[in-house]
Amino acid sequence: MTTISTPPSTPKVEPTSAQLMDWYRQMSLIRQFEVKCAQSYQQQKVGGFCHLYVGQEAVAVGSVAATKPTDYVITAYRDHGHAIARGMDIMPLFAELYGKAAGCSRGKGGSMHFFDKDKNFFGGHAIVAGHIPLAVGLGWAAKYRKQDRVTLCYFGDGAINQGSFHEALNLAGLHKLPCIFMVENNGYGMGTHVHRASAVTDLKLRTGDAYGIPGKEVDGMDCIAMYQMMKDALEYCRNGHGSLFLEVKTYRYRGHSMSDPQKYRTKEEVAKYQEHDPIGRLEKLLKEKKLIDDAKVTALNEEIHNLVEKASAEADAAPFPTSEDIWKDVYAEPFAPYLKR
Amino acid sequence: MTTISTPPSTPKVEPTSAQLMDWYRQMSLIRQFEVKCAQSYQQQKVGGFCHLYVGQEAVAVGSVAATKPTDYVITAYRDHGHAIARGMDIMPLFAELYGKAAGCSRGKGGSMHFFDKDKNFFGGHAIVAGHIPLAVGLGWAAKYRKQDRVTLCYFGDGAINQGSFHEALNLAGLHKLPCIFMVENNGYGMGTHVHRASAVTDLKLRTGDAYGIPGKEVDGMDCIAMYQMMKDALEYCRNGHGSLFLEVKTYRYRGHSMSDPQKYRTKEEVAKYQEHDPIGRLEKLLKEKKLIDDAKVTALNEEIHNLVEKASAEADAAPFPTSEDIWKDVYAEPFAPYLKR
Amino acid sequence: MAVLQFREALREAMAEEMRRDPDVFLIGEEVAEYNGAYKVSEGMLREFGPMRVVDAPISEAGFSGLGIGAAMVGMRPIVEFMTFSFSLVAFDQVVNNAPKMAYMSGGQFQVPVVFRGISGPGQQLAATHSWSVEALYTHVPGLKVVVPTTPAEAKGLLKTAIRDNDPVIFLENESMYGNKGEVPDGDFLLPFGVADVKREGLDCTIVAWGQGCLTALAAAEHLEKEHGIRCEVIDPRTLRPLDLPAIVRSVKKTGYCVTVETGYPTCGIGAEIAALVHEHCFDDLDNHVVRVAALDVPMPYSKPLLQQVVPSVQRLADAVKKAVYFRG
Amino acid sequence: MAVLQFREALREAMAEEMRRDPDVFLIGEEVAEYNGAYKVSEGMLREFGPMRVVDAPISEAGFSGLGIGAAMVGMRPIVEFMTFSFSLVAFDQVVNNAPKMAYMSGGQFQVPVVFRGISGPGQQLAATHSWSVEALYTHVPGLKVVVPTTPAEAKGLLKTAIRDNDPVIFLENESMYGNKGEVPDGDFLLPFGVADVKREGLDCTIVAWGQGCLTALAAAEHLEKEHGIRCEVIDPRTLRPLDLPAIVRSVKKTGYCVTVETGYPTCGIGAEIAALVHEHCFDDLDNHVVRVAALDVPMPYSKPLLQQVVPSVQRLADAVKKAVYFRG
Ligand SMILES: Cc1ncc(C[n+]2csc(CCOP(=O)(O)OP(=O)(O)O)c2C)c(N)n1
Ligand SMILES: Cc1ncc(C[n+]2csc(CCOP(=O)(O)OP(=O)(O)O)c2C)c(N)n1
Ligand SMILES: [Mg+2]
Ligand SMILES: [Mg+2]
């Protein structure tokens with residue numbers, strides 16, 4: 001079989017204090033963004049399905065931190081955290097959630113469809129695993145054009161059982177494309193535990209013998225571990241070794257979406273994971289390193305709180321798209337004359 | 001991960017002389033059937049796509065020989081060999097190829113869609129890998145009804161890269177269904193060698209870590225090896241251990257279909273495999289065992305030749321379906337009154 | 001006669017059939033332990049156990065095929081799509097293996113499977129999650145397509161679907177799951193291919209089903225009150241087979257016909273009905289058939305946009321007025 | 001002007017565009033080393049190499065998605081389906097990811113991909129391999145659907161499709177690959193949304209495209225010779241966008257309209273055109289629009305049955321006669 005050369009175990013890069021502070025800030029921002037999002041959903045300012053990232057912040061923050069702006073990032077519908085980690089402003093995100101013209105997708109996509117071309121953020125996709133073949137296309141384009149770009153594709157543990165995952169990974173393995181496939185294994189696909197959906201629950205094993213794509217496991221509640229693993233992974237891909245599969249062990253604190261009674265798990269289970277809260281863990285480290293103290297934490301959260309409130313208010317006040325916008329962007333010609341009107 | 005208990009390596013069952021003679025006869029019948037089929041195709045008595053089984057006879061004969069009549073068998077479009085091995089009369093097969101009402105599918109299916117409910121032969125399916133989920137359904141039904149039935153599902157090496165293969169095997173692994181998934185690895189999917197289609201070419205490895213379904217390899221040019229492997233495999237499934245994946249190394253002598261210039265391989269390559277011809281090998285053994293001699297071989301082939309010619313002629317003389325038959329069996333009510341006519 | 005929610009009527013139909021016939025089982029995402037994404041199958045796992053109420057991985061092609069295969073040996077699977085938007089990843093199974101097996105096998109293998117779930121735009125789910133799949137599936141010979149409008153129809157038509165020997169596409173609607181109505185107890189079955197006159201009228205025929213039928217009834221009410229236009233609302237209930245005679249009878253009476261659907265306008269059900277009505281009522285029509293459908297765009301997320309894209313009572317009422325007043 | 005086979009015209013279009021634009025590449029099953037299952041891409045691997053003429057595994061959803069993803073960053077992939085019957089296992093990619101990306105991203109990401117290959121019943125390929133997919137894809141806003149009839153159109157429309165910034169469904173027909181015709185050299189492009197009057201006539205309009213258009217031309221010939229009925233054959237060439245004005249112009253002239261298609265009759269292109277023509281020519285029509293399509297059954301294998309299921313010159317001619325003579 002195709003022998004698998006795993007990433008070189010180079011001595012781990014140690015993040016700087018500035019990086020750690022930045023990550024702490026980003027994770028806090030994501031969490032507060034999501035809390036506000038939940039509130040706005042209750043107030044029915046947000047429609048459709050809304051999937052929160054609370055608990056998984058370290059995954060997006062730690063992994064995106066290792067990427068270059070020129071790398072490609074694509075994800076599923078639980079996309080708020082990735083968008084923020086990728087550096088998207090939060091006002092357009094709130095505006096999108098509120099269905100406003102100022103939204104990052106002009107109000108056409110909603111929570112599950114955040115896009116930002118300038119940030120090389122390719123969405124936000126709602127059909128489970130349907131975006132994984134797109135990631136292969138992004139990787140293909142980079143290889144074809146001989147560009148130094150790696151494609152980072154996020155999806156959930158439930159997506160692994162879709163046919164498109166299989167076809168995509170075989171293609172990536174066959175052409176040794178510069179793609180990192182990252183499964184955010186938060187234990188559940190909606191209410192179904194991995195054990196009840198996947199014949200093999202040690203997910204990192206599912207791609208090696210099947211596609212010649214090495215699988216690695218990493219602690220998704222630790223943004224430093226995420227960052228270091230990604231550094232190695234990106235190195236591996238940039239050096240033309242092909243694709244990698246990263247199984248990230250993480251957990252979502254909230255329901256699958258806003259409308260989830262969560263009968264499938266106990267409060268105790270949730271509490272157990274919260275003990276390893278990614279923000280709390282980093283906060284502890286930063287305090288040990290004397291980079292922050294309680295006062296600073298309070299101040300920072302205060303500052304973020306204000307940012308979030310301000311952005312949300314701005315978005316709330318922004319105008320909805322007009323009736324004309326209904327007909328816009330169906331085709332490349334902004335207003336296709338031949339649409340049935 | 002789910003630990004994989006592989007089939008017990010019980011001492012191999014030795015086939016009786018009667019069995020060996022029977023298999024030799026079956027393989028010869030399949031080959032002559034296919035040769036006649038090719039001839040009729042040239043005479044344009046056969047339409048559509050026509051995929052011959054020449055060279056792979058030992059796979060169907062050896063494997064089906066180990067099954068019970070109550071077991072379920074389902075395959076892809078290269079289905080002539082499996083149908084004959086399953087005991088279907090050849091007249092209705094020729095009739096099907098010629099589009100006659102007496103065909104095993106009443107002339108509605110053609111070469112790629114042989115069916116025989118009484119023989120528990122579930123087709124004959126033309127969409128690559130599209131029938132593999134059906135096999136899971138057959139296995140599900142057997143388990144649900146607590147029946148002692150194993151489902152045997154054949155497909156080609158090219159089918160492995162379809163999403164439905166992946167979804168089906170995960171389901172079978174998850175529910176430990178009594179299914180044997182047999183890939184007839186004849187080296188090519190149409191003109192594409194396995195190396196150019198599959199990221200991992202040692203196919204038997206593709207289901208263990210991925211689906212918890214053990215993979216085994218077997219020589220498909222040796223009907224005895226096929227029979228013995230299947231005996232073990234069926235035992236394994238009947239004992240409720242779940243599904244198995246068998247990679248059968250085989251080779252097709254003819255083109256992919258009747259319209260294949262075969263530029264993708266050399267005459268030498270074909271010749272190399274023909275040295276291990278499954279019929280020739282068994283013939284040699286039978287001669288060593290003094291069960292046959294040249295005279296008997298000639299007589300047997302003569303007899304089969306007459307059978308084939310007679311069946312083909314009968315089918316050729318049989319009537320086509322009538323215009324009314326066009327409207328039959330679209331729905332369960334033989335002639336649905338509400339069809340647009 | 002009990003008053004039940006639409007979802008309860010569906011559950012009652014499934015439960016009754018499962019008690020009757022051990023070959024009936026339900027499979028789909030979150031149908032068992034989660035009690036159904038929309039609580040349609042609530043409590044069924046408790047009664048029938050995990051072999052008969054089965055949680056599936058997110059593998060629509062896989063478990064649709066599982067249902068079809070099981071149906072080939074006489075089981076009667078009910079395959080739930082969380083929404084029919086997700087049936088599109090299983091499209092080949094639904095439009096090839098299910099409807100063509102009987103034909104391709106010369107009648108040897110029937111496929112008595114029911115595919116059921118939500119169809120139609122929900123609450124701002126955006127473009128990929130808002131499919132109305134009627135047209136896609138009604139296009140295909142070998143399939144039957146059913147769209148209940150009332151809780152009673154939900155029960156009566158689903159029981160018929162489960163006992164039917166052909167593959168049935170059974171379309172429900174999220175916004176209607178909570179609707180209440182009287183539902184006959186016990187063995188209540190409604191035949192396929194028989195339309196229901198949901199409202200009688202002499203001035204204009206409106207052909208509508210499911211969600212669109214509720215819009216039609218509201219519009220008819222408004223039109224009669226405000227404009228004295230008496231609409232006859234015909235609900236085909238099954239789009240394949242289609243009760244064309246009932247539609248033709250009505251149009252011959254009213255001389256006008258308007259169709260309404262939540263799906264895309266091009267090659268939709270409205271197009272088919274319009275073509276048929278013109279074929280059968282050419283000399284009876286005082287105006288061409290008017291089609292009302294979703295606007296010809298992907299479903300937008302933004303609420304004010306979505307509300308304009310999906311046919312509203314107002315838009316339908318205006319269309320009817322335009323249809324009947326067009327001469328002057 | 002060279003005389004080329006249909007398949008050669010397609011090849012010329014692809015090769016010219018690939019020479020022009022390095023972002024264009026071809027991917028599909030057997031397109032490279034095998035030179036194409038139907039020899040459309042013969043010799044292209046030699047000229048352009050394995051990165052630009054790419055053999056794909058049997059993973060339609062995978063390589064369709066690959067094409068869409070590559071198109072999101074400005075590449076112009078040509079994705080070949082060996083036949084569009086196999087696009088049904090990639091249906092979600094083709095009807096969701098390709099046509100809705102621009103809309104869902106608020107116009108940030110266009111998807112300039114071309115999906116091309118055979119559509120329509122072949123030589124006795126039976127039910128699953130004989131799809132005419134026009135209706136399925138024309139139904140979906142965001143897609144463009146193109147069906148060339150002549151070798152010149154094959155080249156001119158394919159070049160336009162490759163340069164178009166939207167996803168294009170480009171439908172070819174196996175039985176037409178060998179057809180010969182004059183094809184302009186070099187940069188010859190045909191616009192979308194412009195119908196071609198393939199034959200002029202005063203008595204009856206026939207709307208037909210691709211394989212059906214050849215049937216229509218033969219029927220028109222026969223009808224004029226044998227019955228003096230002068231048919232006008234309108235070939236839309238693109239079904240989305242549709243040149244409705246051209247069709248309306250013709251029907252206003254002839255007063256009669258017949259459509260012909262190889263696909264299923266229910267919710268087909270004929271239904272859409274019939275509905276539109278009635279909407280726009282209600283007072284001009286002397287009879288309802290008549291639809292000719294495949295019979296409402298899965299495609300049978302048996303030749304004599306297949307020949308009756310697919311619209312023949314005779315069946316079309318009879319339909320036209322019935323249409324124009326129906327008053328007496
Ligand atoms: C093809 C398809 N089937 C079903 C769904 C409905 N659905 C949305 S999210 C989800 C669970 C996915 O779980 P996972 O992949 O683990 O991601 P997570 O929600 O845990 O982030 C399901 C079943 C869908 N969107 N697409
Ligand atoms: C979904 C789908 N894609 C493509 C095809 C066309 N096709 C028919 S057979 C074949 C090759 C299959 O090869 P393999 O699975 O190895 O089986 P073999 O022909 O070698 O027996 C292809 C590409 C098809 N029938 N279905
Ligand atoms: Mg999950
Ligand atoms: Mg093969």
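Please read all numbers here as calculations on a predicted model, not as lab measurements. Each chain gets a letter, A, B and so on, in the order the sequences are listed, and its residues count up from 1.
Contact record, C:V297 with A:I326: CG1-O, 3.6 Å, taken as the closest heavy-atom pair.
Counting non-hydrogen atoms of neighbouring residues, nucleotides and ligands closer than 6.0 angstrom, the NZ atom of A:K204 exceeds 12 such neighbours. Annotation for C:K180: atom NZ does not count as buried by contact number, only 12 or fewer foreign heavy atoms lying within 6.0 Å. Within a 6.0 Å radius of CD in A:Q42, more than 12 heavy atoms belonging to other residues, nucleotides or ligands are found.
A 4.5 Å side-chain heavy-atom check between C:P57 and A:T192 finds every atom pair outside the cut-off. Side-chain atoms of A:N161 and C:I58, non-hydrogen and from C-beta on, never get closer than 4.5 Å to each other.
The distance from atom CG of C:D55 to atom CE of A:M190, rounded to the nearest 0.5 Å, is 10.5 Å. Here OG of A:S105 is found 11.0 Å from OH of C:Y301. Values are rounded to the nearest 0.5 Å.
For A:K249, the side chain to side chain donor-acceptor pair (under 3.5 Å) criterion is met by A:E247, not counting sequence neighbours. A:F320 pairs by the ring-ring contact (aromatic ring centres under 6.0 Å, His included) definition with nothing, not counting sequence neighbours.
Using a 4.5 Å heavy-atom cut-off against chain A, the contacting residues of residues 118-133 of chain C are C:Q123, C:Q124, C:L125, C:A126, C:T128, C:H129. Contacts between residues 26-36 of chain C and chain A, defined by a heavy-atom separation under 4.5 Å, are made by C:E30, C:E33, C:Y34.
A:T322 touches chain C through its backbone: at least one of N, CA, C or O sits under 4.5 Å from a heavy atom, while the side chain does not. In this structure, chain C has a heavy atom under 4.5 Å from the side chain of A:Y264, while its backbone stays farther away. For A:S164, no part sits under 4.5 Å from any heavy atom of chain C, backbone or side chain. Only the side chain of C:Y38 comes within contact range of chain A, judged by heavy atoms closer than 4.5 Å.
Ranking A:K108, A:R196, A:Q262 against chain C, the residue ahead of the rest is A:R196, based on heavy-atom pairs under 4.5 Å.
Looking at A:Y98, its side chain never comes within 3.5 Å of a backbone N or O of C:S302 through a donor-acceptor pair.
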